[in-house]
Undergrad: 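My structure is below; once you've seen it, I'll send some questions.
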Protein chains: 4
Amino acid sequence: MSEENQMLNLLIENQDGVTEKQKKILEAAVEIFSEKGYAASSTSEIAKKAGVAEGTIFRHYKTKKDLLFSIVAPTMTKLIAPFIIRDLNKVLDKDYEEFEDFLRAIIANRQAFAKENTNMIKILVQEIPFHPELKEQFTKNIALKVFERLKEVVVHYQKNGQIIELPPESVVRMLGSTIIGYLLARHIMAPEADWNDEKEIENMISFILNGIKK
Amino acid sequence: MSEENQMLNLLIENQDGVTEKQKKILEAAVEIFSEKGYAASSTSEIAKKAGVAEGTIFRHYKTKKDLLFSIVAPTMTKLIAPFIIRDLNKVLDKDYEEFEDFLRAIIANRQAFAKENTNMIKILVQEIPFHPELKEQFTKNIALKVFERLKEVVVHYQKNGQIIELPPESVVRMLGSTIIGYLLARHIMAPEADWNDEKEIENMISFILNGIKK
Amino acid sequence: MSEENQMLNLLIENQDGVTEKQKKILEAAVEIFSEKGYAASSTSEIAKKAGVAEGTIFRHYKTKKDLLFSIVAPTMTKLIAPFIIRDLNKVLDKDYEEFEDFLRAIIANRQAFAKENTNMIKILVQEIPFHPELKEQFTKNIALKVFERLKEVVVHYQKNGQIIELPPESVVRMLGSTIIGYLLARHIMAPEADWNDEKEIENMISFILNGIKK
Amino acid sequence: MSEENQMLNLLIENQDGVTEKQKKILEAAVEIFSEKGYAASSTSEIAKKAGVAEGTIFRHYKTKKDLLFSIVAPTMTKLIAPFIIRDLNKVLDKDYEEFEDFLRAIIANRQAFAKENTNMIKILVQEIPFHPELKEQFTKNIALKVFERLKEVVVHYQKNGQIIELPPESVVRMLGSTIIGYLLARHIMAPEADWNDEKEIENMISFILNGIKK
DNA sequence: AATGAATGAGATTTCATTCAT
DNA sequence: AATGAATGAAATCTCATTCAT
């Protein structure tokens, strides 16, 4: 389980004074929230799975919503966005000569991320639409920041003549759709199907670069 | 409101013996489910919005889950899939000479669908992951059927030399990702942003056909 | 029990659409609140004593506080104040020639009231200090109105030379202290002691009129 | 604050081995109990206000009720009653010639007491009715003793012809009502109103002595 | 068919109290 | 002595569902 929850582990390590029980609570909550959705999960079930008394949950998190937010919010603000930015910086710094190499790198990177954070991603995807506070944080801390950075990347490769001169926002959106679409199908919607990742990714890169016109 | 719920209206018309109250219940349920999610919606709120007594809901639908299913299931089995298939048939029958025209037609068609069924789509997207029965129906009745039909279309255009010789499954998936990604962003995630649909769609078509390589 | 809760009965009769169960709930609540105080009373105990399910309480009163307020607030605004005013009006209209007769009448009247509303008075006395909303209502609807009216009475008897020329506010306060002090001791603090009401009241009247100086 | 809690300070000084923390706990408890009532106060809130850990309270007081009683009981048995008796003795010893002077002295004395012990008085008044043990102590240690002593005083002044020949119990009760009624209004019920103490007291004395008959 | 009061199981939350450190 | 994490019993409250009218 622990390998499957990279973000959660970082989240726990990142705070100090987290007791063993608290850790168990967070782990149980992530598992149950991701499986049933926040609203359909009961604190008593979380307590049971965590092996603590129900009261213990509320000693650490004032309300059930608090528990959700203390999982989701720092994951967005402290973990996801910074990591993505950092990775994009690496990419820009190393200055992949070829856009194709950049593409391959970023897909591999996101693929690894999705694999290691399936549950957390499920929670984000499911709960953000229902909690305006989360939606706002998501927009401000992830969507906009990552979008901006990716636009810079695109402009960079447009300048050195490797990418077509479409509006960079559109390019980013289509890039995003394609990659995220694949990752959702691969890890969230049909993880049990048997996928030939390598080939799928090669096809995807070729699609992105050349389209499907003969 | 009624214009925004094309599927719901068809759903209602398609059954006979649907009373006025039942209609109100379904309308209220769709609205509330899509706004808060199934698990966080209460039957009493639905009753209030529908202007009926709490008991009336249970006269028509044995359980709350029944209510959800009687909205979602027939929408999938009787409405969405057949419509898509029918539209795809139209496309094949009319034999759009150019794949680009086909693409343009199908995007316009799905765009119209998304616009007219925002709430229903939200419910589907949110609830399918949590209800295996729905997931199965979705897979069997929509995903597979549509996928199959689209594959035929792709093969058709591959045969007449307009589409590249990638595995048709991959082509369909990438086509799907790109189009669905756009529609979700456009109608579900950020419907309030001001979009220049025409231009976005042109860019998308050009991306699908030619990729982004210069 | 019913005879001991005149105000409660009026309260119930005064509203329409009060079900049998609701009546039982109000009766049980008044009894338990007056015995243990609001904060120390549990809704489950009230439900048990009322012979209803706990949920039934919350169907009629959104919160426990709501239950308290729906007992206390209308008692103050609709029952106590109007009744006192009405009685004082009777007094003024009948124009008791002698202040002493007025005094005797009002004491008898308040004595009867206290006897018939012990529980309700206990609740008022105990809870008003802890709930600003109630305190405000009490001040506005009872204290001030009754005070004003009593002042008029005092002025009336001052004018016709039966009462000394002290500031009427002070006279009213001292009158009030004496009478309320007696009633609280008699009905709330030591109701089980054996009281010779007639004699006590005569002494009190004589005290009020002549003081204790020989 | 410390000046406002004379009894509390005496209470603390009167016991030995009272640690600094214990003192803080008692101070916090008095403040919170008087503000919200015993039943509505939580030990955790008291701990927070006292600046100690939650467990620390229970190191010194076995239960929450213990905490209440260790504030209220000794205040009644060791402090209030002895003080009143002592003051009354002073009065008798000094042999105020005039009953009026005695009255003035005792009112001033009680006024000072009320001013310096508002919170403690609030707690007594609120909690005694709900705790039979406290009620009994109050009756035995305060009510009866003080009552007895006051009766002696009254008899004394009746003998030397300054007080009317009513039953001394009634005289004491009416004296008590009048004075306590004023003090409660003045310090507990409407402390924020602006009072002209001197004048009020003069009126009260004149009322007690001469009644309100012209 | 429709109502809406009533139910009771279960959800969230509070809180006095215990106990290992 | 002091801490504060942990407990679990009980409190408040919610809600799908039933049923008499």
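Chain identifiers are assigned alphabetically (A, B, ...) following the order of the sequence lines, protein sequences preceding nucleic acid strands; residue numbering begins at 1 within each chain.
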Undergrad: Please determine, for dA1(F), whether a Watson-Crick or G-U wobble partner exists with both distances under 3.5 Å, and give it or none.
TA: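 Paired with no nucleotide.
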Undergrad: Would you kindly compare Ala39(C) and Thr19(A) by the position of their nearest DNA chain F nucleotide and give the one closer to the 5′ end?
TA: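 Per heavy-atom nearest nucleotide, the more 5' residue is Thr19(A).
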Undergrad: Between dA10(F) atom P and Ile46(C) atom CD1, what is the distance in whole Å?
TA: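 Atom-to-atom, Ile46(C) to dA10(F), this comes out as 17 Å.
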Undergrad: How would you label the contact of Thr43(D) with the nucleic acid (heavy atoms, under 4.0 Å): base, sugar-phosphate, or nothing?
TA: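 Base, at least one base heavy atom under 4.0 Å.
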Undergrad: Find which nucleotide of DNA chain F each of Lys65(C) and Thr63(B) is nearest to by heavy atoms, and output the residue with the more 5' nucleotide.
TA: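 Whichever sits nearer the 5' end wins; that is Lys65(C).
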Undergrad: Could you state the atom-to-atom distance from CG of Asp66(C) to P of dT14(F) in whole Å?
TA: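 Whole-Å distance recorded here is 11 Å.
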Undergrad: Between Lys24(B) (NZ) and dA2(E) (C1'), how many Å, whole number?
TA: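 The answer, rounded to whole Å, is 16 Å.
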Undergrad: Over how many whole Å does the gap from Tyr61(A) atom OH to dT14(E) atom P extend?
TA: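 One finds 16 Å between P of dT14(E) and OH of Tyr61(A), rounded.
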Undergrad: Across all strands shown, which nucleotide pairs with dT12(E) by Watson-Crick or G-U wobble geometry, both distances under 3.5 Å?
TA: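 By the stated definition (distances under 3.5 Å), dA11(F) pairs with dT12(E).
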Undergrad: Reading DNA chain E from 5' onward, which residue's closest nucleotide shows up sooner: Gln22(B) or Ser44(D)?
TA: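 Checking each residue's closest nucleotide, the 5'-ward one belongs to Gln22(B).
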Undergrad: When you get a sec, tell me which of dA5(F), dT12(E), dT14(F) is the closest nucleotide to the side chain of Phe58(A)?
TA: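 Shortest atom-to-atom distance from the side chain points to dT12(E).
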Undergrad: Atom CD1 of Ile57(A) to atom P of dA11(E): distance rounded to whole Å?
TA: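 It is 12 Å, rounded to the nearest whole Å.
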Undergrad: Report the residue (Thr56(C) or Lys64(A)) whose heavy-atom-nearest nucleotide on DNA chain E is the more 5′ of the two.
TA: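 Closest to the 5' end, via its nearest nucleotide, is Thr56(C).
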Undergrad: Given dC15(F), dT7(E), dT3(E), identify the nucleotide with an atom nearest to the side chain of Ala53(B).
TA: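 Among dC15(F), dT7(E), dT3(E), the one nearest the side chain of Ala53(B) is dT3(E).
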Undergrad: Write down the atom of Phe58(C), the atom of Lys64(C), and the distance for their closest heavy-atom approach.
TA: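 It is CE2-N, 4.1 Å.
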Undergrad: With a non-hydrogen cut-off below 4.0 angstrom, is Glu54(A) in contact with a base, only sugar-phosphate, or nothing?
TA: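 Base contact - Glu54(A) has a heavy atom under 4.0 Å of at least one base atom.
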Undergrad: Mind checking whether His131(B) and Val72(B) have side chains closer than 4.5 Å, heavy atoms only?
TA: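 Not in contact.
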Undergrad: Check the distance between dA20(E)'s C1' and Arg59(D)'s CZ and give it to me in whole angstrom.
TA: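 In whole Å, dA20(E) C1' lies 11 Å from Arg59(D) CZ.
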Undergrad: Can you establish whether the number of heavy atoms outside Glu136(A) located under 6.0 Å from its atom CD is more than 12?
TA: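 Not more than 12 within 6.0 Å, no.
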Undergrad: Of all the heavy-atom pairs spanning Lys36(C) and Ser41(C), show the shortest one and how long it is.
TA: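 Residues Lys36(C) and Ser41(C), closest heavy atoms: CB-OG, 3.9 Å.
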Undergrad: Looking at dT7(F), I'd like to know if its phosphate oxygens (OP1 or OP2) sit under 4.0 Å from a side-chain N or O belonging to Lys21(A).
TA: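 It does, given that an N or O in the side chain of Lys21(A) lies less than 4.0 Å from OP1 or OP2 of dT7(F).
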Undergrad: In whole angstrom, what separates Leu67(B)'s CG from dC15(F)'s C1'?
TA: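 To the nearest whole Å, that distance equals 15 Å.
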Undergrad: When the distance from CD1 of Ile32(A) to P of dT12(E) is rounded to whole Å, what number comes out?
TA: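 That distance rounds to 11 Å.
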Undergrad: Do the numbers put Lys65(B) on top of the ring of Tyr38(B), so that NZ or CZ is under 6.0 Å from the six-membered ring centre and no more than 45° off the axis?
TA: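 Output no; distance or angle outside limits.
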Undergrad: In the strands shown, is dT17(E) matched to any nucleotide by a Watson-Crick or G-U wobble pair with both distances under 3.5 Å, and which?
TA: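 The base-pairing partner of dT17(E), which may sit in any strand shown, is dA6(F).
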